[in-house]
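Worksheet for the structure shown next.
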Protein chains: 2
Amino acid sequence: MTTIKDVAKEVGVSVTTVSLVLNHKSVRVSQATRKKIFEVAKKLKYTPNFAARSLVSKESKTIGLIIPDIENAFFSSLFKSIEDYARSLGYMVLLMNNNDSHQTNIEVIDLLLSRHIDGLLLVISNETYLEKYQEEMKHLLLNLPIPLVMVDRVFDESFFNKVYFDNQLGGYLATKHLINHGHKKIACITGPKETKSSEKRLMGYYQAMNEANLTINKDILLEGDYHFDSGKKRMNELLDKDLTAVFAFNDLMAYGAIRSIHEVNKNVPKDYSLVGYDHFLIATMLDSQLDSIEQNSKILGEEACKILFSEIKHKTENLQDICLKPVLFRSGSVNI
Amino acid sequence: MTTIKDVAKEVGVSVTTVSLVLNHKSVRVSQATRKKIFEVAKKLKYTPNFAARSLVSKESKTIGLIIPDIENAFFSSLFKSIEDYARSLGYMVLLMNNNDSHQTNIEVIDLLLSRHIDGLLLVISNETYLEKYQEEMKHLLLNLPIPLVMVDRVFDESFFNKVYFDNQLGGYLATKHLINHGHKKIACITGPKETKSSEKRLMGYYQAMNEANLTINKDILLEGDYHFDSGKKRMNELLDKDLTAVFAFNDLMAYGAIRSIHEVNKNVPKDYSLVGYDHFLIATMLDSQLDSIEQNSKILGEEACKILFSEIKHKTENLQDICLKPVLFRSGSVNI
DNA sequence: ATGAAAGCGCTAACAT
DNA sequence: ATGTTAGCGCTTTCAT
């Protein structure tokens, strides 16, 4: 491996000069030596040693990104947007899954810290919302020695940077969409009730129902777990209830519901209208139709990066709270 | 940030001793000081500085993984398997997308090298198979200063480590499956003809057809590009041809074909039998059925890691060529 | 059983 | 316009 010394020796100048030139801080170096340095560096295939540079500069030019699961399309798309942004600034991204486990989340934060990342983008596990875990996480995050942005899943407290989607608005849009099409008896298949996203989406549902003066029947508000099977199971329970529409709190459960509906030879949207949440892009390809609330993960990633890199650069703490708006995507799963 | 010096001072020993103890190379240190060192390190929340350690050890404890696109389910699952394996050995993974662009691929290899990764797992872009690019890539890879394993998409040459699936076998299995169900006129929607995967899958098709003494009609062997739209378009062209079954070289195109079939009010498997490739897991949830060739990405990742970390550890070069077997997944899209 | 000291490759303050 | 030097935090050889 060729070092800065090798280049210096070959050119016949000091390492300082080489360093200065190669880092483009070379106002004071003559064009001639400058040109020569670039040439020799290229000839010798010199690449700066990152470790050495980090040791001096106290920057790793690396950020951490923790997400629940890269296999989830929403998060893989989020990663991509973040990776692009970071790379354009000369940063790399260390990606870790927490598998929606609080314990794993704690562990990977430690791992990343030991790598001396310059900043952290964090999507916490759903489990972390459980009361017994929240305090531990908040304590940990408040004592982080580096800038932090909570992404998508945030805490209420105002002492964290956060970028997230307005889940209540999403719930409202979905419900309103069904109401607009004449539905009055609208069931919900929610997420786990302790998750913020589910809580907020449900609030949106209430808001829309109340606004339209519709009565809410708690018998058709069932709790799911955001997985396919629970959507199917809950829909099964709803089949003999009195309702015409279902708001599933994510697309995976919505597809579970569709499966259940098909199994009794009924049809969407003829027998049941259905709205999901996530706008799982791949689904539109698979010849299935599902109206859904769409969250633009690219923008989510960009906003998170803006905040993080601004803090990294200016070392100022200027807490931000960015709430993004989801939109309704229509595809044909809602009928009167 | 507390350093090893701080710990040494607090305990009242030299940095050497602290380093030795904390790295468990402490055969020669007394139990007492040893215990104290651990205590103080914990109290002071000491974490070793990675950059400093790397500078000395010449290891970054980081590997690179380059894939075409993390949004592709096959690759996100591959990443997960690799990340797990690497983490269990104390390594981190720097993940980069090449977006199936040769140029980007070259760039990210450079970027990773400048980070002094200890090894590289590489899934090249399909574009790289073009003749004008192959030489450049081979030259680059042969001169890599670190261990390399080509994953999934490999070169024929024997001077690279490689782990991949037997695409010919996959093509054979898919075609044989259709033949076994009585089909004689079997169309193909292939990948781009310059890609190795497509070439091999087609060879498998020929092998199965020949074995069964079936005549091959080149009019129903159409080239796609592995995307949904091309599956739809090619199927459209096939609709008025004389055939009963289609082998699409990936699931995305298979779903495109299904869309096309549905649009003329025909049905799978009643009017056309269909086999895909990839066994796109999510699809099984979306109430769609598609027989498909399945490649276990977890095993792919593990085998790649085994080779890479063995080379990193032993610094021996012992070229390996691991060919994994795909399997047929049946789901109901094939009929007599 | 423990310490002193050199040096990894680089940056930057200070000289010249 | 260019060089000298200290030092970042750590590991490791060699003394004691």
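Below, all heavy atoms of this structure are taken into account, side chains as well, without hydrogens, waters or symmetry copies. Sequence lines set the chain letters: A, B, ... in the order given, protein chains first and strands last, and positions in each chain run from 1.
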Rounded interatomic separation in angstrom, taking [atom1] from [X] and [atom2] from [N]:
X	N	atom1	atom2	value
A/Glu59	C/dA12	CD	C1'	14 Å
A/Leu44	C/dG9	CG	P	14 Å
B/Ile37	D/dC10	CD1	P	14 Å
A/His116	D/dC8	NE2	C1'	12 Å
A/Leu20	C/dC14	CG	P	15 Å
B/Leu22	D/dG9	CG	C1'	13 Å

Kindly say if [X] contacts the phosphate of [N], meaning a side-chain N or O under 4.0 Å from OP1 or OP2.
X	N	result
B/Thr17	C/dT2	no
A/Lys58	C/dT11	no
B/Lys25	D/dT11	no
A/Arg53	C/dT11	yes
B/Ser14	C/dG3	yes

Under 4.0 angstrom, heavy atoms only, what part of the nucleic acid is [X] near: base, sugar-phosphate, or nothing?
X	answer
B/Thr33	sugar-phosphate
B/Ser57	nothing
B/Phe50	nothing

Minimum-distance nucleotide to [X] side chain [options: [options]]:
X	options	result
A/Thr3	C/dC10, D/dT11, D/dA1	C/dC10
A/Lys5	C/dC8, D/dT2, D/dT11	C/dC8
B/Asn49	C/dA1, D/dT2, D/dC10	D/dC10
A/Val15	C/dC10, D/dT5, D/dG9	D/dT5
A/Asn23	D/dG3, C/dT11, D/dC8	C/dT11

Heavy-atom donor-acceptor pair, A/Thr16 side-chain to C/dA12 base, under 3.5 Å
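By the distance-only test, yes, there is a pair.
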Residue mapping more 5' on DNA chain C - nearest nucleotide basis, B/Leu55 or B/Val13
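Its nucleotide being nearer the 5' end, the pick is B/Val13.
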Tell me every residue that passes salt bridge (Lys or Arg N to Asp or Glu O under 4.0 Å) with B/Lys138, counting only those two or more places apart in sequence or in another chain.
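Checked B/Lys138 against salt bridge (Lys or Arg N to Asp or Glu O under 4.0 Å); matches are B/Glu157.
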Does A/Glu71 have any salt bridge (Lys or Arg N to Asp or Glu O under 4.0 Å) partners at least two apart in sequence or in another chain, and if so, which?
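If we apply the salt bridge (Lys or Arg N to Asp or Glu O under 4.0 Å) test to A/Glu71, skipping adjacent residues, the hits are B/Lys80.
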Please determine whether a side-chain nitrogen of the Lys or Arg among B/Asp100 and B/Arg153 lies less than 4.0 Å from a carboxylate oxygen of the Asp or Glu.
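A salt bridge links B/Asp100 with B/Arg153.
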Please tell me whether B/His102 and B/Tyr133 form a close aromatic pair, meaning their ring centres lie under 6.0 Å apart.
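Centroid distance B/His102-B/Tyr133: below 6.0 Å, so yes.
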Working note: B/Glu302 + B/Lys298, criterion salt bridge (Lys or Arg N to Asp or Glu O under 4.0 Å); need CA distance, chi angles, decisive distance, verdict.
CA-CA 6 Å; B/Glu302 286 169 0; B/Lys298 187 160 185 299; 2.8 Å; yes
If only side-chain N and O atoms count, and only distance matters, is there a donor-acceptor pair under 3.5 Å linking A/Arg53 with A/Asn23?
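A/Arg53 and A/Asn23 do have a side-chain donor-acceptor pair below 3.5 Å.
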